[in-house]
Structure formats: C-alpha cells, structure tokens
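These notes are about the structure you will find just below.
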Amino acid sequence: MVAIHYFAAARAARGQALETVEPAHAGVGTLGELVDWLGREHTQHRASDMTLAEVFPRCSFLVDGRRASHEASLDGVERIDIMPPFAGG
C-alpha cells in the first residue's frame, strides 16, 4: 500500500488529505501512471474550479521523501507527497 498525502490545492481538489492505494490493484507501476489514474478516479471535488487532474501539472511529487519524476517506479514505495506551489511560487 502507498500512502498518498495531498497538500493545499491538491488536498482541496481531492477532498481529503490522505488516502492509501495498492498500485497493483489500480494497475499502475510508475508515479506517472498513478497520477493519471488518480486524476481519472477523483473528479468530484474542485480547487479554484480545477479538478485534481488539472492541479497535478502544477505539483511537485515526493516519493518516500525524495523528489521524483513521473517515470519513477512505485516498487517498494510507502509514501507519496503531492504538493502544489505554495505562496504563489
């Protein structure tokens, strides 16, 4: 299971601060595949009129505390932090 922590606008667009996902059950193996899946699955909330999928391109992603690209494997990953720019930056 991967714990996904949403911050700021990502949290508002998701409608919660934390969820857990089993990558194999979602059919994803990389961070980018997970982000695409999350964007398709969670469309019910908005932040400043943006869906979660629309917020993601502005975000930074930390995988187990380290900045990661969308090509990063999720094998053995325990935590993902999704952080939009803070304070307008």
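Of all heavy-atom pairs spanning Asp49 and Glu54, the tightest one is O-OE1, 3.9 Å. Contact detail for Pro85 and Arg58: the closest heavy-atom pair is CD-O, 3.0 Å. Taking each heavy atom of Val28 and Glu33 in turn, the nearest pair found is CG1-O, 3.4 Å. Heavy-atom minimum distance, Ala53 versus Pro57: O-CD, 3.2 Å. Annotation for Ala12 and Ala47: closest pair CB-CB, 3.7 Å, computed over non-hydrogen atoms. Between Gly39 and Thr43 the shortest heavy-atom distance is O-CG2, 3.6 Å.
Under the 4.5 Å side-chain heavy-atom criterion for grouping Ile, Leu, Val, Met, Phe, Trp and Tyr, Phe7 is connected to Leu62 within one hydrophobic cluster. In this structure, Met83 is not a member of the same hydrophobic cluster as Val63, with clusters built from ILVMFWY side-chain heavy atoms closer than 4.5 Å. In the hydrophobic clustering of this structure, Trp37 groups with Val77; members are Ile, Leu, Val, Met, Phe, Trp, Tyr whose side-chain heavy atoms approach within less than 4.5 Å, directly or through other members. Transitive grouping of hydrophobic side chains (ILVMFWY, heavy atoms separated by less than 4.5 Å) brings Val21 and Val35 into a common cluster.
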ask   = For Glu71 and Thr30, what are the C-alpha separation, side-chain angles and deciding distance, and is it a side-chain contact (heavy atoms from CB on, under 4.5 Å)?
value = CA-CA 6 Å; Glu71 291 76 30; Thr30 66; 5.8 Å; no
query = Does the side-chain contact (heavy atoms from CB on, under 4.5 Å) test come out yes or no for Phe56 and Asp36, once each step is laid out?
reply = CA-CA 9 Å; Phe56 281 152; Asp36 290 344; over 6 Å; no
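Crowding of Glu78 atom CD: a count of heavy atoms from other residues, nucleotides or ligands under 6.0 Å not exceeding 12.
Between Thr51 atom OG1 and Gln44 atom CD the span is 10.5 Å, to the nearest 0.5 Å. Rounded to the nearest 0.5 Å, atoms CG (Leu38) and CG (Leu31) are 9.0 Å apart. Interatomic distance, Asp81 CG to Arg67 CZ, rounded to the nearest 0.5 Å: 12.5 Å. To the nearest 0.5 Å, atom CG of residue Leu74 and atom CG of residue Leu34 are 5.5 Å apart. Rounding to the nearest 0.5 Å places NE2 of His45 at 13.0 Å from CZ of Arg11.
In terms of the side chain to side chain donor-acceptor pair (under 3.5 Å) criterion, residue partners of Glu19 (sequence neighbours excluded) are, by chain and number, Tyr6, Arg14, His42. With sequence neighbours left out, the salt bridge (charged side-chain N to carboxylate O under 4.0 Å, His left out) criterion links Glu41 to no other residue.
Between the Ser48 side chain and the Met50 main chain, no donor and acceptor come within less than 3.5 Å of each other.
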